[in-house]
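The structure under discussion appears below in the form of structure tokens.
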Amino acid sequence: MDKSYNPRAIEQRWYQQWEERGYFAPSGQGESFCIMLPPPNVTGSLHMGHAFQDTIMDALTRWRRMKGDNTLWQPGTDHAGIATQMVVERKLQAEGRSRHELGREGFTDAVWQWKEQSGDAINGQMRRLGASVDWSSHRFTMDEDLSHAVRTVFVRLFDEGLIYRGKRLVNWDPVLRTALSDLEVLSEEEKGKLWHIRYPLANGNGDLVVATTRPETMLGDTAVAVHPEDERYQHLIGKELCLPLSNRIIPVIADEYVDREFGSGCVKITPAHDFNDYDIGKRHNLPLINILNPDASLNENVPEAYRGMDRFKARARIVADLEQLGLLERVDDHHLMIPRGDRSQAIVEPYLTDQWYVKIAPLAEPAIAAVNDGRITFVPSNWSRTYFDWMNRIEDWCISRQLWWGHRIPAWYDEQGAIYVGLDEQDARQRAGLTPEHALNQDEDVLDTWFSSALWPFSTLGWPEEGTRLQQFYPSSVLVTGFDIIFFWVARMIMLGLKFMHDVPFRTVYIHGLIRDGQGQKMSKSKGNVLDPIDLIDGIELEDLVQKRTSGLMQPHMAPMIEKATRTEFPAGIPAFGTDALRFTFAGLATTGRDIRFDLGRMEGNRNFCNKLWNAARFVLLQTEGQRIAAAEQPGSVDRWVLARMHRMVAAVESHFAEFRLDLASQVLYEFIWNEYCDWYLEFTKPVLQGTDEQAKAATRHTLLSVLETTLRTLHPIMPFISEEIWQRIRDLLGISGDSIMLQQFPRAQLPACAEPECGLDQEIDWLRDVIQGIRRIRAELNVAPGKPLQALFQSGSERDRDLLQRYSDIFSQLARIESYEWIDESRDTAQCAVALVGDLKVLVPLKGLVDVEAELVRLRKQLDSERSMLAKAESKLADRRFVKNAPDTVVEQEKERKVTHASNVAKLQDQYRQLESLRD
RNA sequence: GGGUGCUUAGCUCAGCUGGAAGAGCAUCGCCCUUACAAGGCGAGGGUCGGCGGUUCGAGCCCGUCAGCACCCACCA
């Protein structure tokens, strides 16, 4: 074995073998366990968030697979309508072409090509991460069978009246020229102005002042509203105004919606370009005047002077014109929420169009109930509240998009505009009994990407066909995802899963935090702070990293800043850490529900951990290779001790896994492997293995191996590669048959009942460690070289101390570097010694000629202070009658023991101090 | 305007049903001791955001304030 762990040499080899041998596919036996991979968008490559998520899913999947479950981790990718169309359009643009040039078919062909390439990259990344997905069942949301599921759902919902086409205001992205759902619009506060405009009364008797943040929409005004109880305007309700610039006559209406306190208390009403005004317009039967073209330029419904102008150009012009007419009362600075499309960043306009909608209320109700009655649980549970909040206010879902890339809506129109819905044109005709001569044209639009995503838990399993996969793996077990798509995806899967499968799509929704950079910033390409998980695995030179982060930017002027920040943060680039270290780091960071600052320091610590484990394995192999290894009839006490510790660790890991606490599971593993197995047990074995007791040696060798082997299996779900590599090397020694650790059984903890002798073992070993550490501390604090052999004296111990010392004499001597020791009489002068206390036992090191008296006095003084303060604490507690009366007996008892111990320690230390002090001068 | 989460060692974070504050990294000593210098052995470092309350006892429960982060929302 190499002297240090080299992940590069082994990872890909094992993955390839696992995949080739079909280990990832469901075994067909045992209880079903299924995780649906949230299909990544085919737009690009996996980022840290994906890698984090994949680690969690893979750990859970491997764990359940090893427990004997029939395990399916369903992989796939999402066509990501808008996002992908944009990426490909941008690519075309760079080549000086446009999608219109290619035409619809040509363009979608181009997107398919892109999808192949990008999808491959994503799958390659997942392999590098060790993801044990069942590749044979990989799906893409636009595969034919999934598309069929989409059409089937559409038709059925349409037939039930749950999908309808309607003309109403939608969020319109004028750059992409498509409708968006409410979720795809993000509002942010921006600086703007509040224009106060005078609207003259039609009868010439004065005017009304309206305040608006959008003066250009006044061209579409069809009323001005005031509050019905506003005394200032009572007399004007029902009167008419002359709308400036357009010179139309519009009424003054009264509506409760108006806030008297805001602005002038008069609101211009533009039903076709504002969601509130739309509602008011409906209440008052106002006409709708659409003044925008699809690109948000003004259309033929406005005065000629403004036609064809973009809305914001028109705004400037209108404001200027109003000013000239003396109708601009004043302009205030004003902060307002600006809605933007989440992909294009374009300012979204409320726009009157025909779109397809899903009627949500009938679907939402059972979906709320499913979480309410516990058929679905959120982990952590507080996310269910977020879910309820949204579900209770949810509105109909606009599902049509004016794009080319996606599932084309399975609806056809005839020349009269009648709608025919069907799985395909033939089906639509058949359902309506149309003759072949009846001309039909298919709807040009495609469906919202999330429509197909919502079906993912059953469409990937073969629905609408009934089949064993569907039966076995629906509902899936756990959904692992980020909070950012609870609304987009989780809620919709629940609604449609319940609707079409009559059962929830998953039992548990595990919500994880967001991976941020070291400064707590969200990672994004535009900020130039993204890390490619593969770069953490393989490492990357600084120059390459800079190059990667600064190329292909939407805002190239950011490049120098990004470069500088990158050079500061990673002056030496990023070293190769390997997949297991990355996964272990993710697991350790997977605490419930909070965002995660990615810390390279932790990454490094975990790489070191891999190396530690690697070297422990080297040691074990060195001791066992070529030996006959058999289970010992009489394992020694340190063997039994480490086995007990190991079982405790296994039990803890198991329960942490069950509660999705991978952070705690990884911590328990880390501590056992490093702090128990390596730091103590391996050291304990050395004197035995160097000794002559063949039986003890055999027992030790076996324990070394079997503890390592069991630990590797416990570790495997989180660190699949190193565990496999080492396991393969020790498998034969233990006579284990089996081709891979990933097919072995996950360890089952055997916890000793407390009546068994193992319970006393812990105390014995604690004693042993205390004695060794006492001497080590004396060495370190008094600057005695670690390797220098010392003599030790023992004084005033109990029978048990004598017994233990005798039994662990070899270990003690070697680990504490003691060449000889003896028991001395109580009355013996120990002035020339440094002391360590272990219970009643005084461990003494003669320091004549080794160190100066003053240094030891300082050391004693420090110990005394600490012992005294602890004694005082215990005494004061026990002196408090209320404490003794109210606290549970065990707590009071504990306090009494502490008092005794510390009192005894103080006495001993004082005595030692006095003796030593007498040596002064 | 509603809602959620966070505030613990210099940094990144654990801390289970309230019973003497933990890890990794960083820092300071001493060591190349034949598994590992990506290491070993030791050490230092915290009035657990502020205030108030409940309790024999609070990092943990309650109230309140402050700061940070995020989500949702139609005040023109």
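To find a chain, count down the sequence lines: A is the first, B the second, and so on, and within it residues start at 1.
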Interatomic distance where [atom1] belongs to [X] and [atom2] belongs to [N] [whole Å]:
| X | N | atom1 | atom2 | result |
| --- | --- | --- | --- | --- |
| A/Asp580 | B/A38 | CG | C1' | 15 Å |
| A/Ile486 | B/G5 | CD1 | C1' | 13 Å |
| A/Leu613 | B/G39 | CG | P | 14 Å |
| A/Leu514 | B/C71 | CG | C1' | 12 Å |
| A/Glu781 | B/C31 | CD | C1' | 16 Å |
| A/Phe488 | B/C71 | CZ | P | 12 Å |
| A/Phe672 | B/A23 | CZ | C1' | 18 Å |
| A/Arg817 | B/C41 | CZ | C1' | 10 Å |

If you compare every side-chain N and O of [X] against the phosphate oxygens of [N] (OP1, OP2), does one of them come in below 4.0 Å?
| X | N | result |
| --- | --- | --- |
| A/Arg779 | B/G40 | no |
| A/Lys612 | B/G40 | yes |
| A/Gln773 | B/C41 | no |
| A/Lys522 | B/A69 | no |
| A/Thr591 | B/C13 | no |
| A/Arg777 | B/G42 | no |
| A/Arg898 | B/A20 | yes |
| A/Asn611 | B/A38 | no |
| A/Arg607 | B/A38 | no |

When we call it a touch if two heavy atoms are under 4.0 Å apart, what does [X] touch: a base, just sugar-phosphate, or nothing?
| X | result |
| --- | --- |
| A/Arg393 | sugar-phosphate |
| A/Tyr5 | base |
| A/Met337 | base |
| A/Glu683 | base |
| A/Lys877 | nothing |
| A/Arg661 | sugar-phosphate |
| A/Glu895 | nothing |
| A/Asp259 | base |
| A/Thr212 | sugar-phosphate |
| A/Val258 | base |
| A/Cys678 | base |

Polar-atom pairs under 3.5 Å, protein N or O versus N or O of nucleotides 24-30 of chain B: list them with distances, or write none.
none

* Asked: When you match A/Asp182 and A/Ala616 each to their closest nucleotide on RNA chain B, which lands nearer the 5' end?
  -> A/Ala616

* To do: Map A/Leu186 and A/Asp389 onto RNA chain B by nearest heavy atom, then report which one ends up closer to the 5' terminus.
  => A/Asp389

* Rounded C1' spacing from B/U8 to B/G15 in Å -> 9 Å

* Pairwise distance CG(A/Asn529) to CG(A/Asp517) - rounded to 0.5 angstrom -> 4.5 Å

* Answer with yes or no whether A/Lys885 presents, from its side chain, a donor or acceptor under 3.5 Å of a partner atom in the base of B/C56. => no

* Counting only distance, no hydrogens or angles, is the base of B/A20 paired donor-acceptor with the side chain of A/His902 under 3.5 Å? -> yes

* Asked: salt bridge (charged side-chain N to carboxylate O under 4.0 Å, His left out) between A/Asp332 and A/Lys193: does it pass, once the steps are laid out?
  -> CA-CA 6 Å; A/Asp332 296 339; A/Lys193 302 230 183 277; over 6 Å; no

Just jot down the side chain to side chain contact (heavy atoms under 4.5 Å, CB included) partners of [X], sequence neighbours excluded, or say none.
| X | answer |
| --- | --- |
| A/Ala816 | A/Ile772, A/Ile775, A/Phe812, A/Ile818 |
| A/Arg260 | A/His227, A/Glu229, A/Asp230, A/Arg232 |
| A/Ala874 | A/Glu895, A/Arg898, A/Lys899 |

Enumerate donor-acceptor pairs with a distance under 3.5 Å from any side-chain N or O in residues 657-678 of chain A to protein atoms, sequence neighbours excluded.
unit_1   : atom_1 : unit_2   : atom_2 : d
A/Arg661 : NE     : A/Asp663 : OD1    : 2.9
A/Arg661 : NH2    : A/Asp663 : OD2    : 2.7
A/Ser666 : OG     : A/Leu662 : O      : 3.1
A/Ser666 : OG     : A/Asp663 : O      : 3.0
A/Gln667 : NE2    : A/Glu671 : OE2    : 3.4
A/Glu676 : OE1    : A/Arg645 : NH1    : 3.4
A/Glu676 : OE1    : A/Arg769 : NH1    : 3.3
A/Glu676 : OE2    : A/Arg645 : NH1    : 2.6
A/Tyr677 : OH     : A/Leu704 : O      : 2.7

* What stems, by residue range, does RNA chain B take part in, given at least 3 consecutive Watson-Crick or G-U pairs under 3.5 Å? -> B:1-7 with B:66-72, B:10-13 with B:22-25, B:27-31 with B:39-43, B:49-53 with B:61-65

* Asked: Is a side-chain donor or acceptor of A/Arg330 paired with a backbone partner of A/Trp195 at a separation under 3.5 angstrom?
  -> no

* Please answer whether the main-chain N or O of A/Asp538 pairs with a side-chain N or O of A/Arg8 as donor and acceptor at a distance below 3.5 Å. => yes

* Candidates B/A35, B/G40, B/A14 - which lies nearest the side chain of A/Gln667 -> B/A14

* To do: Hey, could you give me each pair passing salt bridge (charged side-chain N to carboxylate O under 4.0 Å, His left out) that has a residue in residues 265-281 of chain A? Not counting sequence neighbours.
  => A/Asp221-A/Lys268

* With sequence neighbours excluded, tell me which residues meet side chain to side chain donor-acceptor pair (under 3.5 Å) with A/Arg385. => none

* Just checking, any donor-acceptor pair under 3.5 angstrom between side chains of A/Ser866 and A/Gln863? -> no

* A/His334: partners by ring-ring contact (aromatic ring centres under 6.0 Å, His included), with sequence neighbours left out -> A/Phe262

* Distance flag, aromatic centroids of A/Trp383 and A/Tyr387, threshold under 6.0 Å -> no

* Structure fact -> Note: contacts of residues 262-280 of chain A with RNA chain B (heavy atom, under 4.0 Å) are A/Phe262, A/Gly265, A/Val267, A/Asn276

* **Residues which pass salt bridge (Lys or Arg N to Asp or Glu O under 4.0 Å) with A/Arg214, listed by chain and number, not counting sequence neighbours** => A/Glu216, A/Glu349

* Counterpart residues, salt bridge (Lys or Arg N to Asp or Glu O under 4.0 Å), relative to A/Glu683 (two or more places apart) -> A/Lys686

